[in-house]
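Notes follow the structure.
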Amino acid sequence: TDQSTMPLGQVIAAQVKENEHAQAVEGEESGEVCRPDGHQSITCAAGHYCCTSKSLWANYGAHYSVCCASGQECYQGKGSIFISCMAPGQMKDNQQLLLMELDTDQSTMP
């Protein structure tokens, strides 16, 4: 699917759907609950953690989460609202991507 022509909400919905393999099944309570806007969105399966997007500036940027496997790093494209899970060091040489700076109570890699 060419995501460049899709509305923003559809791109995010598709990304979250593609990430379902890393999300907890209904009733599973062992994983981390993602709260990108202060409300529960998804729950990550055991061995995964929440990778949550940050706003580009005060009032712009979708807040959503996907689940990254323990040992992966959470990246957000520089100048983008989109997030992804990468192997440690995979994007160090790519100036287009910036390692997300998460809130002080979270880490980029458990």
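Predicted, not measured: the structure shown is a model, and the values here were computed from it.
Ile12 and Phe82 make their closest contact through CG1-CE2, 4.1 Å (heavy atoms, listed as atom of the first residue, atom of the second, distance). Nearest heavy atom pair, residue Tyr64 against residue Ile83, reads OH-N, 3.1 Å. Across all non-hydrogen atoms, the minimal contact from Cys67 to Gln23 is SG-CG, 3.8 Å. Nearest approach of His63 to Ser53, heavy atoms of both residues: CA-OG, 3.3 Å. The two residues Ile42 and Val66 make their nearest non-hydrogen contact at CD1-CA, 4.0 Å. Here the closest non-hydrogen pair linking Ile81 and Gln76 is CA-NE2, 3.4 Å.
For Ala13, the side-chain contact (heavy atoms from CB on, under 4.5 Å) test picks out no residue, with sequence neighbours left out. Residues passing the side chain to side chain donor-acceptor pair (under 3.5 Å) test with Ser41, sequence neighbours excluded: none.
The closest side-chain donor-acceptor pair between Tyr49 and Gln72, if any, does not fall under 3.5 angstrom.
The SG atom of Cys44 sits 7.0 Å away from the CG atom of Asn19 when rounded to the nearest 0.5 Å. Note that CD of Glu73 is 10.5 Å distant from SG of Cys85, once rounded to the nearest 0.5 Å. Separating the OH atom in Tyr75 from the SG atom in Cys51 is a distance of 11.0 Å, to the nearest 0.5 Å.
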